[in-house]
Amino acid sequence: MRLERGFYARDPREVAPELLNKVVSTRGCTGRIVEVEAYGGADDPGSHGYRGMTPRTEAMFGPPGRLYVYFTYGMHWCANVVCGQKGECAAVLLRALTPMEGLEKMRSRRPKARRDRDLCSGPAKLAAALGIHGTANGADLVTADAGIELLDDGTAPPPAPGRSVRIGLSTGADLPWRWYVSGCPDLSRRG
DNA sequence: ACCGGGATGTTCT
DNA sequence: GAACATCCCGGTG
């Protein structure tokens, strides 16, 4: 069943580990979430919203349960799940999925992926594989107004997820706000 | 396996 | 002008 608004309206560090093993679905393509990172709050210099709201980061300030999609390195889109209360800056970056359905479509969107485990093993990879780009910024996951939704298929989050610092940051690099399914072969890196 | 560098353009200083 | 929540390719061991 689809996740409700209240699931998202909490601290991203609480929501992030609970997103593990949930399912992302976009028009025929689905994948299980196996790696996430939490961002936001007044104490997080690694967050895009750390210095206040800008046109780019507006979606990250709520309402919760929507997507924050940003463009980076001149060519990649990455997708976040917005958390917390409206007016707060809080989100969880989706970093890796285990592909489940729609593999043919994912392969056609990511022709350079050698193996199926490479289709969604990174934040920009999974956004590409699922066909998520800038037009999905602000899309509501609760009403699925853009055909993108988050589902609980009955699989519980791992009781003891792996945890580490976040990947690719220069500021806020010491905060251990990355969670992942230990031993999963579909992670953005071994863990 | 690991490492280094190039691609590519938006955002903010 | 620099930084960037990344990815891919080609080198070497």
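Numbered from 1 within each chain, the chains take letters A, B, ... in sequence-line order.
Relative ring orientation between A:F71 and A:W77 is described as tilted, the plane-to-plane angle lying within the 30° to 60° band.
Protein atom CG of A:L94 is 15 Å distant from nucleotide atom C1' of C:dT6, rounded to whole Å. For the pair A:N80 CG and C:dT6 P, the interatomic distance rounds to 11 Å; values are reported in whole Å. Distance, A:R115 CZ to C:dC8 C1': 14 Å, rounded to whole Å. One can place CE of A:M75 at 8 Å from P of B:dG9, the figure rounded to the nearest angstrom. Counting to the nearest Å, the C1' atom of B:dT13 and the NE2 atom of A:H48 are 16 Å from each other. A:L126 places its CG atom 12 Å from the C1' atom of C:dA5, with the value rounded to the nearest Å. C:dA5 atom C1' lies 12 Å from atom CZ of A:R189, rounded to whole Å. What separates CG of A:L169 from C1' of C:dT6 is a distance of 12 Å, to the nearest Å.
Here the side chain of A:A124 is nearest to one of B:dT13, C:dA5, C:dT6, namely C:dT6. Of all nucleotides listed (B:dT11, C:dC7, C:dC8), B:dT11 comes nearest to the side chain of A:R56. Listed candidates were C:dC4, C:dA5, C:dC8. Nearest to the side chain of A:S170 is C:dC4.
Both tests hold for A:R10 against A:F7: distance to the six-membered ring centre under 6.0 Å, angle to the ring axis within 45°.
Phosphate proximity of B:dC12 to A:T54: present, with a side-chain N or O under 4.0 Å from OP1 or OP2. At the phosphate of B:dT13, neither OP1 nor OP2 sits under 4.0 Å from any side-chain N or O atom of A:R51.
For the pair A:D145 (side chain) and A:D140 (backbone), a donor-acceptor distance under 3.5 Å is present.
Comparing A:T171 and A:A113 along DNA chain C, the residue whose closest nucleotide (by nearest heavy atom) sits nearer the 5' end is A:T171.
Enclosure of atom CZ in A:R163 by more than 12 non-hydrogen atoms of other residues, nucleotides or ligands within 6.0 angstrom is indicated. A:E4 CD: 12 or fewer foreign heavy atoms inside a 6.0 Å radius.
Within the 4.0 angstrom heavy-atom criterion, only backbone atoms of the sugar-phosphate kind lie near A:R110; the bases stay farther away. Heavy atoms of A:S188 sit nowhere under 4.0 angstrom from any nucleic acid atom. At the heavy-atom level, A:G168 lies under 4.0 Å from the strands shown only through sugar-phosphate atoms.
By the 4.0 Å N-to-carboxylate-O rule, A:D118 lies too far from A:K112 to be salt-bridged with it. With respect to the salt-bridge test (charged N to carboxylate O, under 4.0 angstrom), the residues A:R166 and A:D44 qualify.
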- Item | Dot-bracket pairing map - DNA chain B, Watson-Crick plus G-U, both contacts under 3.5 Å, | cross-strand | |||||||.||||.
- In sequence, state the C-alpha distance, the side-chain angles, and the governing distance for A:D186 and A:T98, and then conclude on side chain to side chain donor-acceptor pair (under 3.5 Å). CA-CA 6 Å; A:D186 306 304; A:T98 296; 2.7 Å; yes
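Look at the P atom in both C:dA2 and B:dG6: the space between them is 16 Å, to the nearest Å.
Using a 5.5 Å limit on the distance between ring centres and a 30° limit on the angle between planes, the aromatic ring of A:Y70 does not count as stacked on the six-membered base ring of C:dA5.
Below the 3.5 angstrom threshold, one finds no donor paired with an acceptor across the side chain of A:Y73 and the base of B:dA7.
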